[in-house]
Amino acid sequence: EIYSKRLSSPQWKLSDFDIGTPLGRGKFGRVYLAREKNTKYMVALKMMFKSELVKDHMEHQVRREIEIQTHLSHPNILKLLTYFWDEKKIYLILEFAQEGELFKVLNAQPHKRFDEPTAAYYLRQVAEALRYCHSQSVIHRDIKPENLLLFSHHVIKLADFGWSVHAPSKSRNTMCGTIDYLPPEMVDSQTYNEYVDNWCLGVLCYEFLCGAPPFESSEQAETFKKIRAVMYGFKPHMSESSRNLISKLLLKVPNSRLPLTDVIGNPWIIKNSEIFTKTKLQ
Ligand SMILES: CC(C)NC(=O)[C@H]1CCC[C@H]1Nc1nc(Nc2ccc(C(=O)N(C)C3CCN(C)CC3)cc2)ncc1C(F)(F)F
């Protein structure tokens, strides 16, 4: 199989690309804009030092990210185009998102929030990506604005499968970054299934509409307490139908959370993504 792969697909190397401006730093590497020399195709080049990966015991996570992302193919999932390595580094060639990181776009909005048509249009795309992941028995587990990239024409792609696992799972890994998106079953480190992603979709919808996640507190212990008790309040400006959708996702019992098909077909999602298409995509 390896031999036939070598014959069928070209083995890429760093000198096939012109390296451009730095796009920023990922979890364990630097990301650059790059251009494939022959096709002039723009890509994102993620460089990771093997030594850093080994030091942080992250090599298995990168291996899983590569394994999962090379097998997923969906318009709302960031494509890992290819990868290669040399003696010191691993290089991932990924799709380049022209409009950048969604959390930066969100923070740049007035009141750091999206209007309902924008929130619904983006949320629907994330739900489509998750429904596809779950159909491939992949749980993302780390849905949050930092892991979403914005492409032209308001296309959203889910990225960073470093924390994804095959369902169902009981992974002891400590999560890095924000705890605001953790569902109750993960806070209590119980076994969990793909419905953890449905919970995160509820947190994401809330943050899109309010500019902050529902359980945010100054103390981590306070956040965990609110998550366990599903204790949150709606902001005055939120419509009844958006509150209705969020209340069907932020439920303690995982399997009672709204299935992704019903999120995609939810009246608030349908109505507002149609408004978005008519007003912002023309
Ligand atoms: C999901 C994952 C967790 N996140 C990441 O990996 C992050 C870590 C660093 C960058 C990003 N990774 C990617 N970023 C892009 N596009 C992009 C990013 C940033 C800007 C931007 O705002 N500037 C350059 C600004 C322009 C203005 N100046 C002032 C500041 C930088 C513009 C376009 N495409 C693909 C990737 C990917 F994912 F394929 F690598």
Side-chain angles (χ1 to χ4, degrees), residues 12 14 16-36 39-49 52-53 56 58 61-85 89-109 112 114 122-123 125-126 128-130 132-133 138-165 173 175-182 197 200-201 203-204 207-208 213:
W12 294 99
L14 194 57
D16 292 329
F17 301 90
D18 290 318
I19 300 178
T21 177
L23 295 174
R25 298 178 67 85
K27 237 180 308 195
F28 16 74
R30 279 166 291 281
V31 181
Y32 297 87
L33 180 59
R35 187 179 61 190
E36 201 279 321
T39 59
K40 306 276 184 257
Y41 191 72
M42 305 301 277
V43 293
L45 167 64
K46 194 171 186 178
M47 285 183 190
M48 296 173 277
F49 280 97
E52 278 177 18
L53 293 180
D56 300 345
M58 281 296 183
Q61 198 165 327
V62 171
R63 216 187 301 275
R64 187 183 323 152
E65 182 168 356
I66 291 173
E67 180 57 33
I68 286 182
Q69 267 194 277
T70 42
H71 287 91
L72 294 180
S73 175
H74 185 274
N76 299 113
I77 290 180
L78 183 73
K79 214 171 281 315
L80 172 61
L81 299 168
T82 191
Y83 61 98
F84 45 86
W85 56 88
K89 294 185 203 161
I90 293 175
Y91 305 92
L92 305 186
I93 301 294
L94 296 142
E95 287 181 286
F96 169 61
Q98 304 85 352
E99 305 304 322
E101 301 168 273
L102 193 71
F103 81 95
K104 285 187 185 171
V105 175
L106 182 59
N107 286 336
Q109 302 300 308
K112 295 186 188 262
F114 293 129
Y122 289 173
L123 205 85
Q125 294 180 74
V126 179
E128 297 269 11
L130 283 176
Y132 168 78
C133 289
V138 170
I139 315 176
H140 187 278
R141 285 200 319 169
D142 201 10
I143 301 300
K144 55 188 177 184
E146 290 77 356
N147 287 341
L148 298 172
L149 292 171
L150 187 57
F151 287 68
S152 34
H153 310 303
H154 293 281
V155 169
I156 291 272
K157 298 203 187 197
L158 183 53
D160 195 11
F161 284 77
W163 287 103
S164 50
V165 289
N173 284 25
M175 304 285 283
C176 66
T178 178
I179 59 166
D180 286 298
Y181 279 71
L182 286 176
D197 288 335
C200 294
L201 211 52
V203 179
L204 187 71
E207 181 161 6
F208 278 177

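We count ligands from 1, going down the list as the structure has it; atoms in each ligand are counted the same way. None of these values were measured; they are calculated from a predicted model.
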Identified side chain to side chain contact (heavy atoms under 4.5 Å, CB included) partner of Gln69 from the options Leu92, Leu80, Leu81: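 Going through the options one by one, the only one that passes is Leu80.
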
Side chain, backbone, both or neither: which part of [X] comes within less than 4.0 Å of ligand 1 when only heavy atoms are counted?
X	result
Val31	side chain
Ala97	both
Leu149	side chain

Given the protein's heavy atoms, is any one of them under 4.0 Å from [atom]?
atom	result
atom 30 (C) of ligand 1	no
atom 27 (C) of ligand 1	no
atom 39 (F) of ligand 1	yes
atom 34 (N) of ligand 1	yes

With atoms numbered from 1 as shown, which atoms in ligand 1 lie under 4.0 angstrom from a non-hydrogen atom of [X]?
X	answer
Leu78	38 (F), 39 (F)
Asn147	3 (C)
Leu94	39 (F), 40 (F)
Ala159	1 (C)
Gly24	9 (C)

Tell me if a side-chain donor or acceptor on [X] pairs with a main-chain N or O of [Y] at a distance below 3.5 Å.
X	Y	value
Glu95	Lys79	yes
His140	Ala159	yes
Tyr122	His154	no

Which protein non-hydrogen atom lies closest to [atom], naming both residue and atom, and how far is it?
atom	result
atom 5 (C) of ligand 1	Glu101 OE2, 4.4 Å
atom 32 (C) of ligand 1	Gly100 CA, 3.7 Å
atom 24 (C) of ligand 1	Leu23 CD2, 3.8 Å
atom 8 (C) of ligand 1	Arg25 O, 3.5 Å
atom 22 (O) of ligand 1	Lys104 NZ, 3.9 Å

Rounded to the nearest 0.5 Å, what separation is found between the [atom1] atom of [X] and the [atom2] atom of [Y]?
X	Y	atom1	atom2	answer
Thr70	Leu72	OG1	CG	8.0 Å
Glu101	Asn147	CD	CG	10.0 Å
Ile139	Asp197	CD1	CG	6.5 Å

Can you check whether [X] reaches [Y] side chain to side chain, under 4.5 Å on heavy atoms?
X	Y	result
Phe103	Lys144	no
Ile156	Leu149	no
Val43	Glu36	no
Phe114	Val105	yes

contact_flag Glu95 ligand 1 heavy-atom lt 4.0 Å: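 The answer is yes: ligand 1 sits under 4.0 Å from a heavy atom of Glu95.
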
Glu146 near ligand 1 by a heavy-atom separation under 4.0 Å: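 So Glu146 counts as touching ligand 1.
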
Aromatic plane relationship, Phe17 with Phe84 - under 30° parallel, 30 to 60° tilted, over 60° perpendicular: parallel

